[in-house]
Amino acid sequence: MKNIVLIGFMGTGKTTIGRLLASRLGRPFVDSDKKVEHENGMTIREIFERHGEAYFRQKEKDMIARLSRYNNAVIATGGGVVLSSENMRRLKKNGVIIALTASVETILERTSRRNTRPLLLDFFAREQIVDKLMSERYELYQKADFSIDTNGNSPQHVINEIMLFLRQAGYLRGRG
Ligand code: S3P
């Protein structure tokens with residue numbers, strides 16, 4: 001069975017939704033960022049601080065190459081995974097791509113609780129940065145097989161919508 005791959009901007013809920021979706025489907029859940037952190041013995045923030053963004057992107061690319069060879073998993077990716085067409089080609093080859101979306105306000109609200117995201121550390125420039133990155137990436141997220149807005153929707157609702165899509169598109173056979 002193909003993987004189910006969640007893409008989307010920071011703060012759209014990929015990890016939360018991914019974990020719940022995996023447990024609903026009885027499939028393994030894997031989080032690309034968490035695996036990169038684990039294997040490097042550092043947080044994403046530390047990787048950015050010590051080695052820079054380009055180094056992180058290479059680690060992310062290596063991880064995506066490995067995760068793309070999985071079967072039957074629910075995979076949560078980092079928000080910048082779409083920046084590499086090679087990442088997307090690999091993920092698509094053995095997976096169905098689901099994009100989670102949210103408004104800039106919602107993203108700012110959700111990402112303000114923790115200081116774990118190196119791209120959003122400048123408190124006063126956060127809105128401007130999110131706006132800029134969002135407009136740069138918008139079209140890349142649009143390339144997903146299915147897209148679902150998480151604004152004001154409960155995780156349960158988002159999961160139900162994803163399940164409906166997966167069933168209708170023939171990715172599930174009588175399960176879930
Ligand atoms: C990034 C998103 C982060 C993480 C890194 C870079 C991005 O993941 O990979 O901080 O470029 O959008 P989340 O989307 O899980 O926050």
Side-chain angles (χ1 to χ4, degrees), residues 3-22 28-68 70 73-91 95 97-123 125-144 146-151 153 155 158-159 162:
N3 295 315
I4 298 167
V5 180
L6 298 177
I7 65 167
F9 204 82
M10 294 174 265
T12 51
K14 300 177 295 285
T15 304
T16 306
I17 299 295
R19 193 170 282 127
L20 290 168
L21 183 65
F29 172 68
V30 49
D31 184 306
S32 170
D33 277 349
K34 285 277 163 301
K35 268 187 99 66
V36 169
E37 288 187 331
H38 184 73
E39 294 200 355
N40 287 273
M42 270 183 273
T43 64
I44 301 290
R45 184 175 167 177
E46 284 166 345
I47 296 176
F48 268 68
E49 280 167 2
R50 290 192 204 171
H51 303 287
E53 180 170 350
Y55 179 91
F56 167 73
R57 295 296 174 204
Q58 187 55 51
K59 292 286 170 196
E60 181 176 50
K61 196 178 259 186
D62 296 344
M63 183 56 68
I64 293 298
R66 279 165 52 196
L67 299 185
S68 301
Y70 283 28
V74 176
I75 302 173
T77 61
V81 79
V82 293
L83 296 171
S84 154
S85 55
E86 203 178 341
N87 283 343
M88 294 314 288
R89 185 184 53 73
R90 285 183 166 137
L91 288 167
I97 313 285
I98 313 278
L100 303 183
T101 64
S103 66
V104 170
E105 296 86 76
T106 301
I107 284 165
L108 287 171
E109 206 264 317
R110 289 186 190 155
T111 56
S112 66
R113 294 174 207 141
R114 288 184 301 149
N115 272 344
T116 52
R117 294 182 171 92
L119 297 176
L120 302 180
L121 287 179
D122 182 347
F123 182 81
R126 273 162 42 80
E127 185 166 353
Q128 216 181 328
I129 294 166
V130 170
D131 262 336
K132 180 172 175 285
L133 291 177
M134 187 73 106
S135 54
E136 283 168 8
R137 296 176 181 181
Y138 183 77
E139 281 185 17
L140 301 172
Y141 296 129
Q142 297 278 95
K143 291 184 181 168
F146 179 69
S147 185
I148 168 94
D149 189 8
T150 64
N151 277 304
N153 286 324
V158 172
I159 285 164
I162 295 174

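Both counts, for ligands and for their atoms, begin at 1 and track the order of listing.
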Using a 4.0 Å heavy-atom threshold (strictly under), name the region of [X] that reaches ligand 1: side chain, backbone, both or neither.
X   : result
R45 : neither
K59 : neither
T15 : neither
R57 : side chain

Which class fits the ring pair F48 and F56: parallel under 30°, tilted 30 to 60°, perpendicular over 60°?
->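 F48 and F56: tilted rings.
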
Residue [X] vicinity, atoms of ligand 1 by number, heavy atom under 4.0 Å:
X    : answer
P118 : 10 (O)
I44  : 5 (C), 10 (O)
F56  : 9 (O)
L119 : 7 (C), 11 (O)

Counting only nitrogen or oxygen atoms and a 3.5 angstrom limit, does [X] reach ligand 1?
X   : value
G80 : yes
G79 : yes
T77 : no
D33 : yes

Closest heavy-atom pair, R126 versus L120, reported as atoms and distance to 0.1 Å, is CG-O, 3.4 Å

Starting from atom 12 (O) of ligand 1, find the nearest protein heavy-atom neighbour and note its residue, name and distance.
-> R137 NH1, 2.7 Å

Which residue owns the protein heavy atom closest to atom 16 (O) of ligand 1, what's the atom, and how far is it?
->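 The closest heavy atom on the protein side is R117 NE, 2.6 Å.
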
Check step by step if side-chain contact (heavy atoms from CB on, under 4.5 Å) holds for R45 and L121.
-> CA-CA 10 Å; R45 184 175 167 177; L121 287 179; 3.7 Å; yes

Considering only heavy atoms from C-beta outward, does the side chain of R66 approach that of V30 to under 4.5 Å?
-> no

With a 4.5 Å heavy-atom cut-off, do I17 and I98 have their side chains touching?
-> no

Does E127 CD have over 12 foreign heavy atoms under 6.0 Å away?
->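 No - once you tally the heavy atoms of other residues, nucleotides and ligands closer than 6.0 Å, there are 12 at most.
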
Do the charged groups of E86 and R90 touch, with an N to O distance under 4.0 Å?
-> yes

Between the main-chain N or O of V104 and the side-chain N or O of D131, is there a donor-acceptor pair closer than 3.5 Å?
->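 Pair absent, no side-chain N/O of D131 close to backbone of V104.
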
Backbone N/O of D33 and side chain of K59: donor-acceptor pair under 3.5 Å = no

